[in-house]
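Predicted, not measured: the structure shown is a model, and the values here were computed from it. First the proteins, then the strands, lettered A, B, ... as listed; each starts at 1.
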Amino acid sequence: MDETPLEHERRAKALRLRAAGIEPFPWSWPGRVGSGEVRRRAEALAPGAIDPGPSVRVAGRLKALRTHGRTAFADLEDAEGPLQLLLRADEMGEVPYRGWLRDLDPGDILGAEGHPARSNRGEPSVLVAAVTLLAKAIAPPPEKFHGLKDPEERIRRRYLDLIASAESRQRFSARSRIVFEIRRALDEEGFQEVETPILTPVAGGASAEPFVTRSRYLDEELSLRISIELYLKRLLVGGFERVYEIGRCFRNEDGDTTHNPEFSLLELYWAYADYQDMRGLVERLYARLGRLAATLLPDHPEAQAAARDFVPPFPQIDFVEALEARMGRSGLLQTSPEALGRLAREAGARLPPEASPGRCLDKLFEHYVEPTLGRPTFVMDHPALTTPLAKRHRRLPGRVERFEMFYRGFELANAYTELNDPDEQELRFREQVGRGGEDRYAYDADFVAALRHGMPPATGIGIGIDRVVMALTGTPSIKEVILFPQTRRRGEPAP
RNA sequence: GGGCCCGUAGCUCAGCCCGGUAGAGCAGGCGGCUCUUAACCGCAAGGUCAGGGGUUCGAAUCCCCUCGGGCCCGCCA
């Protein structure tokens with residue numbers, strides 16, 4: 001890559017230091033303490049005072065340097081936050097002080113040793129006795145005040161976004177904590193996490209185009225999974241009773257504000273329980289997550305609202321009743337496919353002529369009911385037409401035992417009482433495959449073979465992790481909750 | 001896949017409508033300053049105006065194509 005004049009200057013500084021016997025990329029910085037501890041010690045002091053206790057060693061990225069002749073203020077930042085360094089010629093020695101001011105740049109990784117202190121203006125600081133370069137930044141950081149704004153650069157070079165934006169760092173930390181909390185909650189509920197194949201001979205469990213690759217060893221085509229479902233159900237056949245997996249799934253489709261080609265899915269299966277049991281689990285889980293979000297993001301109105309909103313029990317509405325009420329008509333399930341298509345198109349849905357009645361019903365629900373579901377709401381007992389792979393409802397004809405939980409326009413859970421009759425499963429697979437259209441599921445013969453050995457009655461659920469994070473943190477774009485979203489290849493810097 | 005918008009210095013942005021020598025701030029260079037925190041003051045420097053083609057005496061500016069990105073729609077039950 002061509003070196004900019006700026007980078008030339010910075011590299012020259014590194015070379016100058018090395019020539020003077022100072023390694024610009026040293027190996028370690030032992031005895032380091034976090035900025036948080038130093039801040040706390042410094043905050044106990046009066047302005048202008050110096051902590052008389054032992055000196056401390058801190059480290060972090062140099063964010064800004066304000067020089068005033070024989071004194072200078074440096075903003076250091078580590079994972080715990082910012083910390084000011086107070087550099088003075090009389091503390092450090094005239095020659096080292098002048099040398100470091102000449103050879104340091106914003107963006108450098110620094111170590112500093114000195115006593116906690118408070119500036120005359122009261123800023124918690126370290127009065128530096130000695131400074132050490134821990135890694136020279138040859139390339140400059142983003143602009144100090146405006147940060148990195150260009151949305152393309154923020155995604156392609158996420159490290160720069162993270163350097164510049166505490167908010168971005170906080171959001172991704174929140175994501176980690178949310179996922180950890182989900183694991184902890186499920187562990188306490190008695191579920192065990194498993195790992196099932198990502199490279200699979202048949203990408204099943206959902207309707208989506210897979211990414212396809214090839215195994216040279218097997219001399220076979222393999223697909224990256226589009227869901228986790230069919231392997232977890234095999235484990236129910238095998239005798240595991242409460243299993244889940246959180247993992248990446250892949251769909252070979254366009255991205256947008258709510259879709260990325262690779263995304264994280266939680267799927268969970270629970271033997272000897274039904275979808276009503278699952279509803280309780282969802283309430284307990286989201287109540288925890290709402291409280292967590294409020295703790296993690298005390299300044300985020302959306303996160304605070306989540307804690308108030310996710311208080312069980314969440315209201316339940318019946319899919320058909322809610323839709324009919326909103327539409328002001330009845331007998332939807334008895335309506336002809338042609339009429340359903342007409343209604344859906346009247347509601348603004350652009351549907352292909354061959355769209356199934358189930359798809360029309362989904363579109364109608366999307367249009368009439370979903371926008372009204374701002375608070376956590378369970379939508380119960382979908383028409384069988386919309387959901388071929390759930391178990392038929394034990395009481396309501398033409399329905400299946402299914403619920404979705406909606407919040408702020410996001411579908412945050414989709415659960416069934418699972419189909420476990422192998423003959424019916426095979427029939428439905430064959431219907432889907434025969435259709436050959438958009439809604440096709442891949443036929444997984446091995447899965448049907450597994451069901452023939454008996455899968456206990458069970459409930460299962462899928463939760464899109466990325467969307468959970470979006471909903472809890474009030475983030476409008478999936479790209480802001482995925483560290484490295486998919487982007488088109490571009491001329492990358494040469495090594 | 002369709003529509004609209006964006007791409008100017010390392011970063012944040014003016015300039016584009018209405019064509020006439022490419023501008024500022026930050027960062028960097030040189031000089032000054034012992035309490036700043038978007039520090040400040042002075043001086044000098046920094047550009048493939050995303051790329052290609054066209055119109056024109058003359059294009060960052062107007063037109064076409066390509067690349068990349070964003071938003072909306074479609075698709076993703």
Original post:
Does A:Lys479 place a side-chain N or O at less than 4.0 Å from the phosphate oxygens OP1/OP2 of B:G69?
Top reply: no

**OP:** Determine the Euclidean distance between corresponding P atoms of B:A45 and B:U8; express it in Å to zero decimal places.
**Re:** 24 Å

**OP:** In plain terms, say whether A:Asp274 and A:Lys391 are close enough for a salt bridge, that is, a side-chain N and a carboxylate O under 4.0 Å apart.
**Re:** no

Original post:
For B:G1, what is the paired nucleotide under Watson-Crick or G-U wobble rules, both distances under 3.5 Å?
Top reply: B:C73

Subject >> d(OH, A:Tyr97; P, B:C33) in whole Å >> reply: 10 Å

**OP:** For the pair A:Arg40 and A:Glu80, find out whether any cationic side-chain nitrogen is under 4.0 Å from an anionic carboxylate oxygen.
**Re:** no

Original post:
Charged N to carboxylate O under 4.0 angstrom, A:Arg32 versus A:Glu113?
Top reply: no

Subject >> Interatomic distance at C1', B:G15 relative to B:C4, whole Å >> reply: 23 Å

Original post:
Base, sugar-phosphate, or nothing for A:Glu9, non-hydrogen atoms under 4.0 angstrom?
Top reply: sugar-phosphate

**OP:** Look through every strand shown and name the nucleotide pairing with B:G42 as Watson-Crick or G-U wobble, where both distances are under 3.5 Å.
**Re:** B:C30

Original post:
Quick one: do A:Arg342 and A:Glu338 make a salt bridge, cutoff under 4.0 Å?
Top reply: no

**OP:** When you get a sec, tell me which of B:U12, B:G69, B:U37 is the closest nucleotide to the side chain of A:Arg66?
**Re:** B:U37

Original post:
If you check every side-chain atom of A:His68, which of B:U37, B:C33, B:U12 has the closest atom?
Top reply: B:C33

Subject >> B:C6 and B:U61, which share atom name C1', separated by this distance in whole Å >> reply: 16 Å

Original post:
Charged N to carboxylate O below 4.0 Å: is that the case for A:Glu9 and A:Lys13?
Top reply: no

Subject >> P-based separation of B:A24 from B:G70 [nearest Å] >> reply: 32 Å

**OP:** Once you apply the 3.5 Å cut-off to both distances, tell me the Watson-Crick or G-U wobble partner of B:U55, or none.
**Re:** none

**OP:** For B:C49 versus B:G7, give the span between their P atoms, rounded off to a whole number of Å.
**Re:** 14 Å

**OP:** Taking only the side-chain heavy atoms of A:Glu152 (C-beta and beyond), determine which of B:G69, B:U37, B:C26 contains the nearest atom.
**Re:** B:G69

Subject >> Per A:Asp256 side chain, nearest of listed nucleotides B:G28, B:U37, B:C75 >> reply: B:C75

**OP:** Take the angle between the ring planes of A:His382 and A:Phe319 and call it parallel below 30°, perpendicular above 60°, tilted in between.
**Re:** tilted

**OP:** Examine B:C75: is either OP1 or OP2 under 4.0 Å from a nitrogen or oxygen in the side chain of A:Arg359? Give yes or no.
**Re:** yes

Original post:
If the P atom of B:G31 is compared with that of B:G69, how far apart are they to the nearest Å?
Top reply: 44 Å

Subject >> Separation of atom CG in A:Leu65 from atom C1' in B:C35, rounded to whole Å >> reply: 14 Å

**OP:** Determine the contact category for A:Gly48: base if any of its heavy atoms lies under 4.0 Å from a base atom, sugar-phosphate if only primed atoms, P, OP1 or OP2 are that close, otherwise nothing.
**Re:** nothing

**OP:** Let me know the distance between CG of A:Asp75 and C1' of B:A27, rounded to the nearest Å.
**Re:** 15 Å

Subject >> Pair A:Asp78-A:Ser35, side-chain donor/acceptor within less than 3.5 Å >> reply: yes

Original post:
Within the structure shown, what part of the strands sits under 4.0 Å from A:Lys63 by heavy-atom distance: base, sugar-phosphate, or nothing?
Top reply: nothing

Original post:
Looking for any heavy atom pair under 4.0 Å, which part of the strands does A:Pro5 touch: base, sugar-phosphate only, or nothing?
Top reply: nothing

Original post:
Between B:C11, B:U34, B:C76, which nucleotide gets closest to the side-chain atoms of A:Arg251?
Top reply: B:C76

**OP:** Report the distance from atom CZ of A:Arg154 to atom P of B:G10, rounded to the nearest whole Å.
**Re:** 21 Å

Original post:
Rounded to whole angstrom units, what separation is found between the CG atom of A:Leu148 and the P atom of B:G70?
Top reply: 14 Å

Original post:
Among B:C71, B:C13, B:G70, which nucleotide sits nearest the side chain of A:Thr257?
Top reply: B:C71

Original post:
When rounded to the nearest Å, what value does the distance between P atoms of B:C26 and B:G68 take?
Top reply: 35 Å

Subject >> Check ion pair A:Asp362-A:Arg359 (N to O, under 4.0 angstrom) >> reply: no

Subject >> Closest listed nucleotide, where the reference is the side chain of A:Leu6 and the choices are B:C35, B:C76, B:G10 >> reply: B:G10

**OP:** Among the candidates B:C33, B:G70, B:C11, find the nucleotide nearest to the side-chain atoms of A:Glu143.
**Re:** B:C11

Original post:
Where the side chain of A:Glu253 is defined as all heavy atoms beyond and including C-beta, which of B:G32, B:C35, B:C76 is the nearest nucleotide?
Top reply: B:C76

Subject >> Atom-to-atom span, OH of A:Tyr159 to P of B:C11 - whole angstrom >> reply: 11 Å

**OP:** Please tell me which of the listed nucleotides, B:C11, B:G69, B:A38, lies nearest to the side chain of A:Pro142?
**Re:** B:C11

Original post:
So which one's nearest nucleotide on RNA chain B is more toward 5', A:Asp90 or A:Tyr416?
Top reply: A:Asp90

Original post:
With both distances under 3.5 angstrom, what nucleotide forms a Watson-Crick or G-U wobble pair with B:G7?
Top reply: B:C67

Original post:
Expressed as a whole number of Å, how far does the P atom of B:C75 sit from that of B:C63?
Top reply: 33 Å

Original post:
Between B:G10 atom P and A:Glu7 atom CD, what is the distance in whole Å?
Top reply: 9 Å

Original post:
Starting at NZ of A:Lys149 and ending at P of B:G70, how long is that distance when rounded to a whole Å?
Top reply: 17 Å

